[in-house]
Amino acid sequence: MIGTHVHITADKIVVDGKEVAHNDDIIRAGYDLLDLQYPKFFKMDRLCKLGVLGTEFIVRNNPRIQELADDDIALLFNNRDSSLESDVKHQESFSQGAASPAIFVYTLPNIVLGEIGIKHKWYGEQLFTVTDEPDFDFLYNVMSNNFAFRKAKAYVLGIVNSLSDNFEAHLIWIENKEIAGGIPFTALNLKQIIT
Amino acid sequence: MDDLKEKLKVQVIEHLNLDDMKPSDIPNDEPLFGDGLGLDSIDALELIVMLEKHYGLKVTNPEDGRRVFYTIDSMAEYILEHTS
């Protein structure tokens, strides 16, 4: 079933339809609201911050996550612009004399999956896909297959994009069983939640 | 000395791309690496480049690096010792 849905935009964080933060500096506001106390967060590029922040709201909203084994929780992310924001910064750093290692380490989109896995010690399946628009049938099939083949018991599905001043993140908690207050796990329902 | 420490915090934030961090988030006496600010070996490279670029100081000995980059306090002391 589909459970918690976190939606982060330029000035708002909405969890299951309820606005929990409203601020022009929404990423910092979300960090402070959760009292994350995770200094490594500040080193991340915005793509990673969005993924880590959104996942944290999911974790805080689902205490039962702690009952799952560290390899039961899988991550499936998708976006349109890959890590282009960090790629451009990396290219710009060349023109300023030397490439910056701190920027270079974020020049792959799937780094966000590693950051989430490190923070929560999750060792399940991970996949990051880049497409012009989310292909909900494909995303649904990936998760369904891994549920069916017992490769995962739960997923954090992330549609997370960041380029220039445009950023938006959807993080959704999905389990292979009943979730109180959840909705049926179908490609159509995923599409309706996100679009 | 206090001005230098504040300037260092701004430079650390800028060089390490700590976009959402404020200077007030960095205590003068808290370790920059490990449990404190959570910096790692990649960031150490950035700090070495930063010190050379802004203060003309080259830290080449790893043992010196551990001592110099321990805290904002230790960085400021090192700069004052070697630039005045």
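Here is how names work: the chains are called A, B, and so on, in the same order as the sequence lines, proteins then strands, and each is numbered from 1.
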Task: A:Lys119, NZ: over 12 other non-hydrogen atoms inside 6.0 angstrom - done: yes

Task: Closest non-hydrogen atom pair, B:Glu46 against A:Ala102 - done: OE2-N, 2.9 Å

Task: Whether over 12 other heavy atoms sit under 6.0 Å from B:Lys5 NZ - done: yes

Task: Residue A:Lys191 excluded, over 12 heavy atoms near NZ under 6.0 Å - done: no

Task: B:Leu39-A:Met44 co-clustered via ILVMFWY side chain contacts under 4.5 Å - done: yes

- [ ] State whether the number of non-hydrogen atoms from other residues, nucleotides or ligands found under 6.0 Å of B:Tyr55 atom OH is greater than 12.
- [x] yes

Open item on the list: I'd like to know whether CD of A:Glu19 has more than 12 heavy-atom contacts from other residues, nucleotides or ligands below 6.0 angstrom.
Closed with: yes

Open item on the list: Which one wins on heavy-atom pair count under 4.5 Å against chain B: A:Ile103, A:Ile27, A:Asp45?
Closed with: A:Ile103

Open item on the list: Distance check, rounded to the nearest 0.5 Å: B:Leu45 atom CG versus A:Ser100 atom OG?
Closed with: 9.5 Å

Task: Validation row: B:Asn17, A:Lys43 side chains within 4.5 angstrom (heavy atoms) - done: no

- [ ] Check each atom of B:Asp25 against the heavy atoms of chain A and say whether the ones under 4.5 Å are side chain, backbone, both or neither.
- [x] side chain

Open item on the list: Looking at A:Asp25 and B:Lys22, is any side-chain nitrogen of the basic one under 4.0 Å from a carboxylate oxygen of the acidic one?
Closed with: no

Open item on the list: My understanding is that only one of B:Ile13, B:Asp20, B:Asp19 makes a side-chain contact (heavy atoms from CB on, under 4.5 Å) with A:Phe42; could you say which?
Closed with: B:Asp20

TODO: Decide whether A:Ile58 and A:Leu190 are clustered together by the hydrophobic rule: side chain heavy atoms of Ile, Leu, Val, Met, Phe, Trp, Tyr closer than 4.5 Å, transitively.
DONE: no

Task: For A:Pro39 against B:Gly38, the heavy-atom pair lying closest together - done: CB-N, 4.2 Å

Task: A:Pro101: which of B:Asp43, B:Val49, B:Ile42 passes side-chain contact (heavy atoms from CB on, under 4.5 Å) - done: B:Ile42

